[in-house]
Amino acid sequence: MPELPEVEIVKQSLEKSILYKKINKVLVNNRNLRFKVEKNLNKFISNKKILKVLRRSKYIILNFHKNQFLLIHFGMSGTLHLVRNNNSKKTNLSFYHSINLPQKHNHIVIFFNNFKLVYNDPRRFGYLKFFKNLDTLNYYFSNLGLEVLDKRLNLNYLKKVIKNKSKNIKNFLLDQKYIAGIGNIYANEILYYSKINPYKNVNKLNYLELKKIIYFSKLVIKKAIKKGGSSIKDFKNIKGKSGLFQNEFKVYNRENKKCLNKTCLEKIIKVFISNRSSYFCKNCQK
DNA sequence: CCGTTAACCTGAGAGC
DNA sequence: TGCTCTCAGGTTAACG
């Protein structure tokens with residue numbers, strides 16, 4: 001699920017649902033997420049009001065009084081579910097993925113007055129982490145590069161960070177310390193739009209190609225946000241909002257399908273680069 | 001430094 | 001129905 005656009009959609013929904021609301025209590029059903037959830041999480045954030053909902057890269061950040069924060073990362077399979085409390089009427093309060101709460105893997109439940117926010121994560125690669133002040137949060141993010149939509153992400157920035165580097169562009173786009181927020185789906189899509197071969201070394205890219213990378217990174221990410229993100233796996237028997245950007249994939253999940261460039265007769269091929277599936281058109285991406 | 005592999009996990013889907 | 005195998009939107013350590 002969660003690259004930058006999907007996390008941004010969650011963030012926007014959270015703003016509508018939990019901003020300025022007070023947390024009553026937190027129930028931790030399973031502490032064993034990617035990192036062990038603090039024993040005192042309930043103590044830390046109970047009775048605190050959410051003053052801001054932020055997003056940095058693929059992280060959601062809830063901001064409390066006195067610069068205290070709760071960080072949420074979804075890993076590969078984490079989702080948040082807004083669920084009415086039992087005594088309330090059924091409404092369409094859910095904002096992501098499902099209006100039906102999954103049965104299993106509901107690891108953390110955050111209670112508000114009329115509803116609860118449930119963190120579900122079958123694979124448990126995601127995590128929640130509490131920060132007592134801004135310094136520790138900033139330190140935690142100190143290895144992250146510029147946000148893909150940051151205006152400072154321009155030709156000069158890219159030239160600077162690839163200087164004396166030898167690295168293929170696919171791995172470069174996935175490396176969060178250069179550009180933050182791009183994941184495997186969007187890296188594939190960005191390279192197709194830019195007409196660049198994923199194996200191409202960044203030290204072989206000319207300025208025009210670097211400019212294309214910047215332009216299409218921003219464009220693809222913005223388009224995906226507009227479409228509500230991408231939903232690859234649709235869960236059976238679960239209705240609810242899912243993203244629509246998967247309908248616009250040019251290469252991702254399109255192995256052996258025809259290249260969508262009308263003048264091209266090639267089929268999209270799939271290879272593995274550093275263990276991540278990479279889809280591209282040999283003819284269009286040089 | 002660079003690319004690859006494995007590791008952390010569960011579950012869906014394919015093939016048999 | 002079920003078994004085995006591969007793969008999945010992320011991140012990070014270890015290895016060669």
Side-chain angles (χ1 to χ4, degrees), chain A residues 1-10 29-37 55-60 71-80 96-98 102-107 119-129 140-145 148 161-190 197-204 220-221 224-225 227-238 242-249 251-256 270-279:
Chain A
M1 179 255 301
E3 298 179 42
L4 188 152
E6 292 74 38
V7 179
E8 174 64 22
I9 295 301
V10 173
N29 294 323
N30 185 356
R31 292 178 59 207
N32 298 309
L33 302 185
R34 166 150 201 176
F35 303 114
K36 204 138 191 159
V37 176
R55 180 194 55 72
R56 170 80 166 105
S57 186
K58 304 170 189 173
Y59 299 87
I60 294 278
L71 193 70
I72 305 172
H73 193 282
F74 296 112
M76 290 283 256
S77 58
T79 46
L80 282 173
Y96 195 73
H97 245 344
S98 80
Q103 313 250 327
K104 290 171 76 177
H105 310 299
N106 293 319
H107 306 308
Y119 179 75
N120 180 280
D121 190 353
R123 296 178 73 183
R124 285 184 277 123
F125 291 168
Y127 58 96
L128 285 78
K129 187 170 168 58
Y140 198 77
F141 284 146
S142 57
N143 289 326
L144 279 185
V148 59
V161 294
I162 68 174
K163 199 169 182 181
N164 300 323
K165 285 253 150 45
S166 174
K167 199 178 185 63
N168 70 56
I169 181 65
K170 174 76 192 308
N171 281 342
F172 176 83
L173 288 177
L174 288 178
D175 195 329
Q176 305 296 304
K177 70 171 171 280
Y178 305 117
I179 302 174
I182 296 172
N184 199 37
I185 291 177
Y186 297 109
N188 279 293
E189 295 296 305
I190 289 162
N197 188 299
Y199 288 110
K200 192 158 185 180
N201 197 301
V202 290
N203 62 28
K204 290 273 180 2
V220 168
I221 294 291
I225 293 171
K227 291 285 176 178
S230 305
S231 304
I232 289 197
K233 284 175 186 162
D234 274 335
F235 298 95
K236 283 178 192 169
N237 302 323
I238 293 179
S242 54
L244 294 171
F245 194 70
Q246 67 278 8
N247 300 327
E248 306 194 16
F249 288 168
V251 286
Y252 189 85
N253 254 345
R254 295 197 64 249
E255 187 183 16
N256 286 326
K270 177 185 183 181
V271 296
F272 283 91
I273 300 177
S274 287
N275 248 353
R276 309 304 302 277
S277 55
S278 299
Y279 301 84

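Source: prediction; values computed, not measured. To find a chain, count down the sequence lines: A is the first, B the second, and so on, and within it residues start at 1.
The OH-C1' distance, from A/Tyr279 to C/dA8, rounds to 9 Å in whole Å. In this structure, A/Leu33 atom CG and C/dG10 atom C1' are separated by 14 Å, rounded to whole Å. When rounded to the nearest whole Å, the span between CZ of A/Arg124 and C1' of B/dG11 equals 13 Å. At whole-Å resolution of the value, CE in A/Met76 and C1' in B/dC8 are 11 Å apart. Rounding to whole angstrom units, CG of residue A/Leu173 and P of C/dT11 are separated by 14 Å. Between A/Asp121 atom CG and B/dT10 atom P there is a gap of 11 Å when expressed in whole angstrom units. When the P atom of C/dG10 is taken as reference, atom CG of A/Asn184 falls 6 Å away, rounded to whole Å. The NE2 atom of A/His107 sits 13 Å away from the C1' atom of B/dC8 (whole-angstrom rounding).
For A/Lys204 and A/Asn168, the side-chain atoms include no donor-acceptor pair closer than 3.5 Å.
Residues forming a salt bridge (charged side-chain N to carboxylate O under 4.0 Å, His left out) with A/Arg123 (at least two apart in sequence, or on another chain): none. Shown here are the side chain to side chain donor-acceptor pair (under 3.5 Å) partners of A/Tyr140, two or more places apart in sequence or in another chain: A/Tyr127. Residues satisfying the salt bridge (charged side-chain N to carboxylate O under 4.0 Å, His left out) test with A/Lys167, not counting sequence neighbours, are A/Asp175.
Side-chain N/O atoms of A/Lys270 include none lying less than 4.0 angstrom from OP1 or OP2 on C/dC7. Here A/Lys177 does not reach the OP1 or OP2 of C/dT11: none of its side-chain N or O atoms lies under 4.0 Å away. When the side-chain nitrogen and oxygen atoms of A/His73 are compared with OP1 and OP2 of C/dT11, one or more of them lie within a distance under 4.0 Å. Within the 4.0 Å cut-off from OP1 or OP2 of B/dC9, not a single side-chain nitrogen or oxygen of A/His105 is found. Considering only side-chain N and O atoms, A/Ser277 lies under 4.0 angstrom from the phosphate OP1 or OP2 of C/dA8. Checking the phosphate oxygens (OP1, OP2) of C/dG10, no side-chain nitrogen or oxygen of A/Gln176 falls inside 4.0 Å.
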Atom pairs, N/O to N/O, protein against nucleotides 12-16 of chain C, distance under 3.5 Å?
residue: C/dT12; atom: O4'; partner: A/Arg34; partner atom: NH2; Å: 3.4

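At least one side-chain heavy atom of A/Ile225 sits under 4.5 Å from a side-chain heavy atom of A/Leu4. With a 4.5 Å cut-off on side-chain heavy atoms, A/Tyr252 and A/Glu189 count as touching. Considering only heavy atoms from C-beta on, A/Val220 comes within 4.5 Å of A/Phe245 through its side chain.
Ring to ring, A/Tyr279 and A/Phe249 are not that close: their centroids are 6.0 angstrom or more apart.
Of all the heavy atoms in A/Ser277 and A/Lys270, the pair that sits closest is CB-CE, 3.6 Å.
Annotation: the span from A/Ser57 atom OG to A/Glu3 atom CD amounts to 10.0 Å, rounded to 0.5 Å. A distance of 10.5 Å separates CD1 in A/Ile162 from OH in A/Tyr178, rounded to the nearest 0.5 Å.
In this structure, the nucleotide among C/dA8, B/dG11, B/dC8 sitting nearest to the side chain of A/Phe125 is B/dC8.
Remark: the backbone N or O of A/Leu174 is paired with a side-chain donor or acceptor of A/Gln176 at under 3.5 angstrom.
Nucleotides C/dT6 and B/dA6 place their P atoms 12 Å apart, quoted to the nearest Å. Atom name P, nucleotides C/dC7 and B/dT5: the rounded distance is 12 Å, in whole Å. B/dC1 and C/dG10 have their C1' atoms separated by 23 Å, with the value rounded to a whole Å.
In DNA chain B, stems built from 3 or more consecutive Watson-Crick or G-U wobble pairs, each with both distances under 3.5 Å, span B:2-8 with C:10-16, B:10-16 with C:2-8.
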Go through it in stages, so that I can follow the logic: the residues are A/Leu71 and A/Phe141, the test is side-chain contact (heavy atoms from CB on, under 4.5 Å), and I'd like the CA-CA distance, side-chain angles, deciding distance and then a yes or no. CA-CA 11 Å; A/Leu71 193 70; A/Phe141 284 146; 3.5 Å; yes
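Applying the 3.5 Å distance criterion, the base of B/dC9 shares a donor-acceptor pair with the side chain of A/Arg123.
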Under 4.0 Å protein heavy-atom contact, by nucleotide of nucleotides 1-6 of chain B - B base, S sugar-phosphate only: -SSBBB
